[in-house]
Engineer: 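Can you read through this structure? Questions will come right after.
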Amino acid sequence: MSSSNNHIDYIEFKAHDLEKTKIFYSGVFGWTFTDYGSDYIAFADSGIAGGFERTDVPIINGVLVVLSHTDLENCIQKIKTAGGHITVPVFSFPGGKRFHFTDPSGNELAVWSED
């Protein structure tokens, strides 16, 4: 992932079966995959970077749009000031850290940083 402030940088989906997901998207669209443990796969060759997170719960809103920003704390304050709500506090993952928020309409997105 690259880091350009305020750009859509990554799209994350939910999936019940990662192997079936890889077979489907590689067979239909030619996407390639990188496994990150048993619960996550990243995809490439799709036009935008993204991944699938394994879940056992019903998938209702299966897409997470991930924005990039170099200053997560500043971005959090702007979101709160503009009427958004932080739904998942900042957490680390291999390659960076991120948080989730909802906009005033209830759409959930995430913001990540390499730092």
Side-chain angles (χ1 to χ4, degrees):
M1 291 188 285
S2 64
S3 186
S4 297
N5 286 346
N6 310 315
H7 291 185
I8 294 175
D9 191 60
Y10 199 80
I11 298 176
E12 197 166 87
F13 296 89
K14 303 285 186 191
H16 293 296
D17 185 318
L18 295 182
E19 287 305 312
K20 285 182 180 177
T21 298
K22 288 193 291 189
I23 290 167
F24 177 83
Y25 284 97
S26 63
V28 175
F29 300 109
W31 294 4
T32 57
F33 292 89
T34 302
D35 295 335
Y36 290 98
S38 60
D39 291 328
Y40 199 87
I41 54 175
F43 59 81
D45 302 318
S46 66
I48 190 167
F52 288 89
E53 178 183 28
R54 192 190 67 73
T55 184
D56 293 324
V57 299
I59 299 171
I60 296 168
N61 182 9
V63 179
L64 179 67
V65 174
V66 183
L67 305 162
S68 63
H69 202 286
T70 56
D71 186 347
L72 295 186
E73 292 305 319
N74 180 281
C75 191
I76 287 170
Q77 291 310 311
K78 286 183 176 182
I79 288 168
K80 289 179 178 179
T81 299
H85 299 282
I86 305 306
T87 57
V88 177
V90 175
F91 66 93
S92 296
F93 63 92
K97 58 187 177 180
R98 79 179 195 201
F99 67 90
H100 296 207
F101 71 96
T102 53
D103 67 16
S105 296
N107 295 299
E108 184 177 27
L109 293 89
V111 181
W112 90 284
S113 176
E114 290 180 296
D115 302 319

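Here the structure is a predicted model, which means the values were calculated and not measured. Keep in mind that the numbers below use all heavy atoms, side chains included, and drop hydrogens, waters and symmetry copies.
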Engineer: Flag the pair Leu64 / His100 as yes when at least one side-chain heavy-atom distance between them is below 4.5 Å, and no otherwise.
Structural biologist: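 Yes; the side chains approach each other to less than 4.5 Å.
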Engineer: Can you tell me how far apart CZ (Phe43) and OH (Tyr10) are? Round to the nearest 0.5 Å.
Structural biologist: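 Interatomic distance, Phe43 CZ to Tyr10 OH, rounded to 0.5 Å: 7.0 Å.
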Engineer: I need the minimum non-hydrogen distance between Leu67 and Asn6, along with the two atoms involved.
Structural biologist: CD2-O, 4.3 Å
Engineer: Just so I know, are the side chains of Phe33 and Ser26 near enough to count as touching, which here means a heavy-atom distance under 4.5 Å?
Structural biologist: yes
Engineer: Among pairs that include at least one residue of residues 86-98, which meet salt bridge (Lys or Arg N to Asp or Glu O under 4.0 Å), considering only residues two or more places apart or in two chains?
Structural biologist: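 For residues 86-98: Glu12-Arg98.
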Engineer: Calculate, to the nearest 0.5 Å, the distance between atoms CG and CG belonging to Asp103 and Leu109 respectively.
Structural biologist: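 Result: 6.5 Å between the selected atoms.
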Engineer: Considering only heavy atoms from C-beta outward, does the side chain of Asp35 approach that of Lys22 to under 4.5 Å?
Structural biologist: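 Yes, at least one pair of side-chain atoms sits under 4.5 Å.
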Engineer: Side-chain contact test, heavy atoms from C-beta onward, threshold under 4.5 Å: evaluate it for Val88 versus Phe99 and give yes or no.
Structural biologist: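 SC-SC contact between Val88 and Phe99 ruled out.
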Engineer: Can you measure from CZ (Phe101) to CD1 (Ile86) and round to the nearest 0.5 angstrom?
Structural biologist: 7.5 Å
Engineer: Mark yes or no for whether Tyr36, through its side chain, and Ile41, through its backbone, hold a donor-acceptor pair below 3.5 Å.
Structural biologist: no
Engineer: Quick one: which residue pairs count as a side-chain hydrogen bond (donor to acceptor under 3.5 Å, both in side chains) with a foot in residues 55-65, not counting sequence neighbours?
Structural biologist: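 Of all non-adjacent pairs touching residues 55-65, those that pass side-chain hydrogen bond (donor to acceptor under 3.5 Å, both in side chains) are Arg54-Asp56.
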Engineer: To the nearest 0.5 Å, tell me how far Asp17 CG sits from Ile23 CD1.
Structural biologist: 8.0 Å
Engineer: Go through the structure and list residues passing salt bridge (Lys or Arg N to Asp or Glu O under 4.0 Å) with Asp71, not counting sequence neighbours.
Structural biologist: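 Checked Asp71 against salt bridge (Lys or Arg N to Asp or Glu O under 4.0 Å); zero matches.
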Engineer: What closest approach, in Å, do Thr70 and Asn5 show between heavy atoms, and which atom pair accounts for it?
Structural biologist: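 Between these two residues, the closest heavy atoms are N-OD1, 2.7 Å.
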Engineer: Fit a plane to each ring of Tyr25 and Trp31, take the angle between them on a 0 to 90° scale, and name the class: parallel (under 30°), tilted (30 to 60°) or perpendicular (over 60°).
Structural biologist: parallel
